[in-house]
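Notes follow once the structure below has been shown.
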Amino acid sequence: LDGTAQWSNGPATFSVGLQGTIQSLPTWTNVYRFPVTVQAEAKGDAHGMTVSNFSVVTQGQEILSGSGLLPLAIAPADDSGMVRLGANDPMKFQVKGRPIAAFWSGLISKAGMKVAGPSMDLELSGTPDQPEGTLRVSVNDIEAEIPSTPRTLHAGKLAANVGFSRSQIELKECSGL
């Protein structure tokens, strides 16, 4: 953890960097036993917080990354709470998931599933009061055991593109082979 901060009766101005390693994930993920390293840098002031270089890495490979602007301010003297959310202020944040099969397969194997080549992209924009965004997910191959039967469901090349806002969720595209 490395950081600086300044404060004088209003929202604080800060810059922080953090990096930490989780040696083992909770027991429900005990099939994935490799360390996971989380890293992020953030800067903030009265106008919001910019997150850069957010990443989650395992075995030298990035599995998640993200960056963007969130309308959060740290206001130590604020009577309504130390963290202030600008409900009508703009936000723009992106998160990308990378296809590291060993990690994702380890996480979902307890559900009787196997995946190959998964990816995920999330884009969030609008304001906290009127959020909107897009979620894109895809997988090159997926197998799922059907409970209480010897059968397995198999599908390849699945993809979905979902748009969302405060008032609706729209499946913009869905494909599969």
Result block: side-chain N/O donor-acceptor pairs under 3.5 angstrom for residues 129-136, not counting sequence neighbours:
residue, atom, partner, partner atom, Å
R136, NH1, E123, OE2, 3.4

Listed pairs under 3.5 Å, donor-acceptor, residues 13-21 side chains, sequence neighbours left out:
residue, atom, partner, partner atom, Å
T21, OG1, T37, OG1, 3.1

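At most 12 non-hydrogen atoms from other residues, nucleotides or ligands lie less than 6.0 angstrom from CD1 of I169.
Side-chain contact between L64 and M120: present, with at least one pair of heavy atoms (C-beta onward) separated by less than 4.5 Å. Annotation: side chain of L70 is in contact with side chain of M49 (closest heavy-atom distance under 4.5 Å). Under the 4.5 Å side-chain criterion, counting only non-hydrogen atoms from C-beta, V36 is not in contact with V57.
When all heavy atoms are compared, the tightest approach of P76 to W7 is CD-NE1, 3.4 Å. Nearest approach of S67 to S52, heavy atoms of both residues: CB-CA, 4.3 Å. Between L85 and P128 the shortest heavy-atom distance is CD1-CG, 3.7 Å. In plain terms, the two heavy atoms of V56 and V38 that are nearest each other are CG2-CG2, 4.3 Å. Here the shortest heavy-atom pairing between R84 and P11 reads NH1-CG, 3.6 Å. Across all non-hydrogen atoms, the minimal contact from A73 to D45 is CB-O, 3.7 Å.
The salt bridge (charged side-chain N to carboxylate O under 4.0 Å, His left out) search around D141 returns none, not counting sequence neighbours.
Once rounded to the nearest 0.5 Å, the distance linking NZ of K114 with CD of E143 reads 5.5 Å. Here OG1 of T4 is found 8.0 Å from CG of D2. Values are rounded to the nearest 0.5 Å. Residue N161 holds its CG atom at 9.0 Å from CD of E170, rounded to the nearest 0.5 Å. Here the OG1-CE distance, from T152 to M113, works out to 11.5 Å after rounding to the nearest 0.5 Å. A distance of 12.0 Å separates CD of Q94 from CG of L69, quoted to the nearest 0.5 Å. For the atom pair OG (S125) and CE (M91), the distance works out to 7.0 Å, reported to the nearest 0.5 Å.
With 3.5 Å as the limit, one finds no donor-acceptor pair spanning the side chains of S55 and S65.
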For the pair F164 and L124, evaluate side-chain contact (heavy atoms from CB on, under 4.5 Å) and give the outcome as yes or no after the intermediate values. CA-CA 9 Å; F164 60 89; L124 182 62; 4.0 Å; yes
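A donor-acceptor pair under 3.5 Å links the side-chain atoms of T58 to the main chain of P35, judged by distance alone.
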